[in-house]
Q: 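Before I ask anything, here is the structure I am working with.
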Protein chains: 2
Amino acid sequence: MAEAKSNKVNMKTLAKVLNVSIATISKALRDSHDIGEETKQRVIETAKLLHYVPNPYASSLRKRSSNTIAIIIPEIADSFFSQAINGIESIVGQEKYHALIYLTHDSYEREAQMFNDLSSGRVDGVLMSVASNTKDIKHIQELQQAGVPIVFFDRVCEDIPTAKIKTDDFNSAYMATKHLLERGCKNISLVTIEGYPFILQAREGGYKKALAEYQIKHQEQNVISCSNKYNQENIAFLKEHIAKIKPDGIIATVEHLATTTYLACEELKMNIPNDVKVVCFTNQITAAILNPPLTTVLQPAYDMGRKAAELLFGHLAGKPIQLEKENITLPSKLVVRDSTRATD
Amino acid sequence: MAEAKSNKVNMKTLAKVLNVSIATISKALRDSHDIGEETKQRVIETAKLLHYVPNPYASSLRKRSSNTIAIIIPEIADSFFSQAINGIESIVGQEKYHALIYLTHDSYEREAQMFNDLSSGRVDGVLMSVASNTKDIKHIQELQQAGVPIVFFDRVCEDIPTAKIKTDDFNSAYMATKHLLERGCKNISLVTIEGYPFILQAREGGYKKALAEYQIKHQEQNVISCSNKYNQENIAFLKEHIAKIKPDGIIATVEHLATTTYLACEELKMNIPNDVKVVCFTNQITAAILNPPLTTVLQPAYDMGRKAAELLFGHLAGKPIQLEKENITLPSKLVVRDSTRATD
DNA sequence: TTTATTTGCTTAAACGTTTACTTAAACTGT
DNA sequence: ACAGTTTAAGTAAACGTTTAAGCAAATAAA
C-alpha cells in the first residue's frame, strides 16, 4: 500500500520508472499507433499502480481545449433550472466533461463579465439561459466569434445564430388561457415578471390569441409585471392588482408566482377556484398537494437541458451539426388540477 | 473598433506591441514592485484596448493552483441544495473563483470516480455533501492527504478531520417530535430514506429523546426507510406503512417525502391534521400554500453553503483557519403551520 | 569619490502535456 | 542481398504563464 507517495506522479515519473521517454508515455496512454502493444500495457499498468492522473491544465494548455463547458443561468433555486441541470449533467458526465456553473442573478453586468472571462479559452462551449435584462448582446456575439459554440435553452437570444432549445411558450400559454376560458373565466390576468421579452411576448401572444378566439377584448391592465423574486412586496403588489381588477382567472408565468398568487388570494379571502382560477408555469412536484392542487404548465426542463447538451457535445465531437440551424421546441404539458375546477 | 482581431492576444502580443519583455507584461499586470508606474499604466491600457484576457490554464499550470473549486452534491433538484449553492456562489463570485459542479446521484462509485479525477490538481478545494451510500472513505482521505482542502456541509463525513457545517439535526428532530407530542400525538412515525447514517442517526436520536420525555416507548416499526426518489412505489410503500401502523403523527425527513406523505394520506382518506399530523424537513416556499399548510423544519441552506465557502476560501487565502477545528452547527427552525394544528 | 542600494527591466527556466519530426531497427518483396 | 516500407521508439519544440536570477543605470551612503 506504500507504492504511491504523495509526491505528484506525472509523466516524467512514469518515464523514469519504465525507462522510456515521456513521449512514449503520452502516446501509450492515448493509445497511439506509434507504440507497441507490450509497452502500452506496461505504461497503463504502472500508471494505474502509481495512481497517475493527468494534469488537466497542462493538457488543456497544449491542446487548446479544456473538456469543460459553462452553464450560465439566471438562478438555481427554481425547479426548472435545477431539473435542466440534471438533464445537462446526464450528458456532461457521460462525455467525461466538466461543468462550470455561473449564476447571473438576472444581471446583464454579471453576464457580460462572465463572458469576458470565458473568452480566455476556459471552456469549449456554453449552455445558457440569458439574463432578463440583457439587451446588449455584444458579449455573446464576441464569444461566438471567438469560436466558442453556444447553445441556448429556454431563455434564448433570438439574434444570435446558434442552436436554441425552447418550449412552446406561445402554445402553452394559449392552452392555459383557453382552459381558463373553457372553465368560464371572462377576466383573466397574466402575471409576469420584468424582462424576458421573447418568452413573455410569446406567452402574452398565446394568451391574447385565446382571448381573441373567445371574443374577449384584451385589456392592457390585465397584464401585470412583478419583480423576479419571492417576497412580501410582490405579494402586496399582486394583491393590489387583484383587488382592483378582480380577475376570475390568473396565469402565473413563473414558479415563485404560484406561492405569491395563492397567498395574495388568501389574504384577500378569495377562494381558488370559486372566485378565481389559477394556472402556473411550474415544475414543482408539490403542485399536486397545494390547497387547492394547482393546474400547471409543466415544462420539459430535463429534456431541454439534455437536448441542449446533446447538441453542444455533438458539435464539439465534430458531428455534422449546424448549430445555427437547430431551433428545437419541446412541448410543455398542461396538467389540470383543482385550481381550475369548473364552478358555477 | 477594429483594434482587436480575433487572433488570440496573449502576453507575447502585448510585449511586442509595447516593445518590452513578456516578464514585464506579466509583472505589470500583477502589479509587481519590479515595474515602474508609467510602464504599468501603459501595459494595463493596451491590455484593455486589445481585450487581453489571461489564459487560465497556462496560469494554473505554472502556479499550481486553479482558482477553481468543486461542489460535490448528491442531487440538485432539491431546494436545500439549490439554496446552498446560492450561498456558495455568493462567495465564489466575490472571490473571483470558479465552481465546477458534480452530482453523485448518491452513488459511491461516481463519487469515488470524481475524487480520483480531482487528484489531478483540477481544483484548489472541495465543498461537499457526501453520497448516502458512501461507507468507504478512502477516496476522500486520499484527496485530503494530497493537500486539497475539503469542507463538508450538511451530509458530512465524521471520520475525516476537516471543517463540517451542519444543522442541528438532533435538536430539530427533537423539537419537531416534541411539537407533535404537545399537539397530542401518541404514535409518531419517522419517515426516512436509505443511507446517511449520521444525519439520520441524529434525527432518530432527537425523535427518541422526545418520545422518552413523554414516556412513550419507542417502537422499531415506527421508523420507516423509503427510497430516495419521488415516485409511485414510494407512495405505495408509505401507504402500506400508514395503513398498518396508523400513526397520528409523521415526521418526514426529506423534502420530496412531503409530497409522498400528503398523497399517501389523501389516498387513504386520512385527514391532515385531524387523523394524522405532519412535519417535514423542507425549504420549499410552497409549504405555506399546501393543503393544509405544512409545518416544516426549515434548514439554513443558504447560510450553510455560504459558511462552508467562507471557511474554504479563508483557508485558501492563507488565513489562520484550522479546518479540522471547525465544527459549526447552524440552527434549523421549526415553522408551525396547519398540518400540525391542534385537534380534538 | 567609492561603494552599496534601489529601481526597472530582461533572460531563461519551469509548470506537465502533446505532437511534428527524426531515427534506428526490423521486416518486405524482389 | 538490397532498396523500400513499417514499426517502435526518441528528441525537442510548443502551449501561455510566472518567477528566480541577473544586470545596468540611477540613487544613496560613506
Side-chain angles (χ1 to χ4, degrees), chain A residues 7-44 46-47 50-68 117-124 146-147, chain B residues 7-44 46-47 50-68 96 98 117-124 146-147:
Chain A
N7 285 321
K8 300 262 147 75
V9 26
N10 52 26
M11 289 190 169
K12 204 165 159 187
T13 321
L14 296 183
K16 209 161 278 172
V17 169
L18 289 171
N19 207 35
V20 294
S21 74
I22 291 179
T24 302
I25 302 292
S26 177
K27 290 177 185 168
L29 292 175
R30 332 192 86 238
D31 201 23
S32 155
H33 277 311
D34 271 11
I35 306 299
E37 207 44 55
E38 193 216 8
T39 317
K40 270 185 197 168
Q41 288 313 317
R42 286 202 308 142
V43 171
I44 291 168
T46 43
L50 301 186
H51 293 114
Y52 168 70
V53 183
N55 182 310
Y57 297 127
S59 179
S60 294
L61 176 60
R62 176 60 226 243
K63 292 200 298 179
R64 299 157 150 283
S65 84
S66 61
N67 269 237
T68 303
D117 177 276
L118 293 185
S119 72
S120 63
R122 192 184 289 278
V123 298
D124 297 344
Chain B
N7 284 320
K8 300 262 147 79
V9 28
N10 53 27
M11 290 192 169
K12 204 166 159 185
T13 321
L14 296 184
K16 210 160 278 172
V17 169
L18 290 171
N19 207 36
V20 295
S21 74
I22 292 179
T24 302
I25 303 292
S26 176
K27 288 178 183 167
L29 291 174
R30 329 192 88 238
D31 202 23
S32 155
H33 277 310
D34 270 11
I35 307 298
E37 206 46 54
E38 193 215 8
T39 318
K40 268 185 198 168
Q41 289 313 317
R42 287 201 306 141
V43 171
I44 290 169
T46 43
L50 302 185
H51 293 115
Y52 168 70
V53 184
N55 182 311
Y57 297 128
S59 179
S60 294
L61 175 60
R62 176 58 227 242
K63 292 201 300 180
R64 297 157 151 286
S65 83
S66 61
N67 268 237
T68 304
K96 306 210 165 172
H98 298 259
D117 177 275
L118 293 185
S119 72
S120 63
R122 191 183 290 279
V123 297
D124 297 343

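Lettering follows sequence order; numbering is per chain, from 1.
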Q: Please determine whether a side-chain nitrogen or oxygen atom of A:Y52 lies at a distance below 4.0 Å from atom OP1 or OP2 of C:dT17.
A: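 Checking A:Y52 against C:dT17: at least one side-chain N or O falls below 4.0 Å of OP1 or OP2.
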Q: Send over the distance from A:L18 CG to D:dG10 P, rounded to a whole Å.
A: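 Spelled out: CG on A:L18 to P on D:dG10 is 10 Å.
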Q: Quick check for you: among C:dT19, C:dT11, C:dG16, whose closest atom lies nearest to any side-chain atom of A:A23?
A: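 Between C:dT19, C:dT11, C:dG16, the one nearest the side chain of A:A23 would be C:dT19.
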Q: From CD1 of B:I35 over to P of C:dC9, roughly how many Å is that when rounded to an integer?
A: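 The answer, rounded to whole Å, is 6 Å.
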Q: I need the minimum non-hydrogen distance between A:L61 and B:L61, along with the two atoms involved.
A: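 For A:L61 and B:L61, the tightest heavy-atom pair comes out as CD2-CD2, 3.6 Å.
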Q: Across the strands shown, which category fits B:S59 at heavy-atom distances under 4.0 angstrom: base, sugar-phosphate, nothing?
A: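 Contact class for B:S59: sugar-phosphate only.
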Q: At 4.0 Å (heavy atoms only), tell me whether B:P54 reaches a base, stays on the sugar-phosphate, or touches nothing.
A: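 Since only primed, P, OP1 and OP2 atoms lie under 4.0 Å of B:P54, the category is sugar-phosphate.
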Q: Let's see if you can work this out: which of C:dC9, D:dG16, D:dA9 has an atom nearest to the side-chain heavy atoms of B:T24?
A: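 The answer is C:dC9.
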Q: For A:I25 and A:L18, which heavy atoms make the closest approach, and how far apart are they?
A: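 In this case the closest contact between A:I25 and A:L18 is CD1-CD1, 4.1 Å.
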Q: Can you check the A:I22 CD1 to D:dT11 P distance for me, whole Å?
A: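 After rounding, the reported distance stands at 10 Å.
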Q: Flag the pair A:D31 / A:K40 as yes when at least one side-chain heavy-atom distance between them is below 4.5 Å, and no otherwise.
A: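 Side chain of A:D31 against side chain of A:K40, heavy atoms only: contact under 4.5 Å found.
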Q: Report yes if a side-chain nitrogen or oxygen of A:S60 is closer than 4.0 Å to either non-bridging phosphate oxygen (OP1 or OP2) of D:dC15; otherwise report no.
A: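 The answer is no; no side-chain N or O of A:S60 sits under 4.0 Å from OP1 or OP2.
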Q: Decide side chain to side chain contact (heavy atoms under 4.5 Å, CB included) for B:K8 and B:N55; before the verdict, give the C-alpha distance in whole Å, the side-chain angles of both, and the deciding distance to 0.1 Å.
A: CA-CA 10 Å; B:K8 300 262 147 79; B:N55 182 311; over 6 Å; no
Q: Do the non-hydrogen side-chain atoms of A:M11 and A:Y52 ever get within less than 4.5 Å of each other?
A: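 With C-beta onward as the side chain, the pair touches.
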Q: What's the CG-P distance between B:D34 and C:dT11, to the nearest Å?
A: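 Rounding to the nearest Å, CG of B:D34 and P of C:dT11 are 15 Å apart.
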Q: For A:D31 and D:dT7, what is the distance between atoms CG and C1' respectively, to the nearest whole Å?
A: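 Rounded to whole Å, this separation is 15 Å.
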Q: Which of the following nucleotides, C:dC15, C:dT19, D:dT18, is nearest to the side chain of A:R62?
A: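 My answer, after comparing the listed nucleotides, is C:dT19.
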Q: Whether A:S26 contacts C:dT18 is assessed here as follows: a side-chain N or O lying under 4.0 Å from the phosphate OP1 or OP2. Is that the case?
A: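 It does, given that an N or O in the side chain of A:S26 lies less than 4.0 Å from OP1 or OP2 of C:dT18.
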Q: For A:R64 and C:dT19, what is the distance between atoms CZ and C1' respectively, to the nearest whole Å?
A: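 Result: 14 Å.
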Q: Going by modelled atom types, is there a donor-acceptor pair between the base of D:dG10 and the side chain of A:K27 at under 3.5 Å?
A: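 Between D:dG10 and A:K27, which were checked side chain against base, a qualifying N/O pair under 3.5 Å is present.
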Q: Between atom CG in A:L61 and atom C1' in D:dT18, what is the gap in whole Å?
A: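 Taking atom C1' of D:dT18 as the reference, CG of A:L61 is at 13 Å.
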Q: For B:T39 and C:dC9, is the shortest distance between a side-chain N/O and OP1 or OP2 below 4.0 Å?
A: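 Affirmative; the distance criterion is met.
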Q: When you match A:K63 and B:K63 each to their closest nucleotide on DNA chain D, which lands nearer the 5' end?
A: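 Closest to the 5' end, via its nearest nucleotide, is A:K63.
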Q: Output the rounded distance in Å from NZ (A:K12) to P (C:dT17).
A: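 Checked: the NZ to P distance equals 11 Å.
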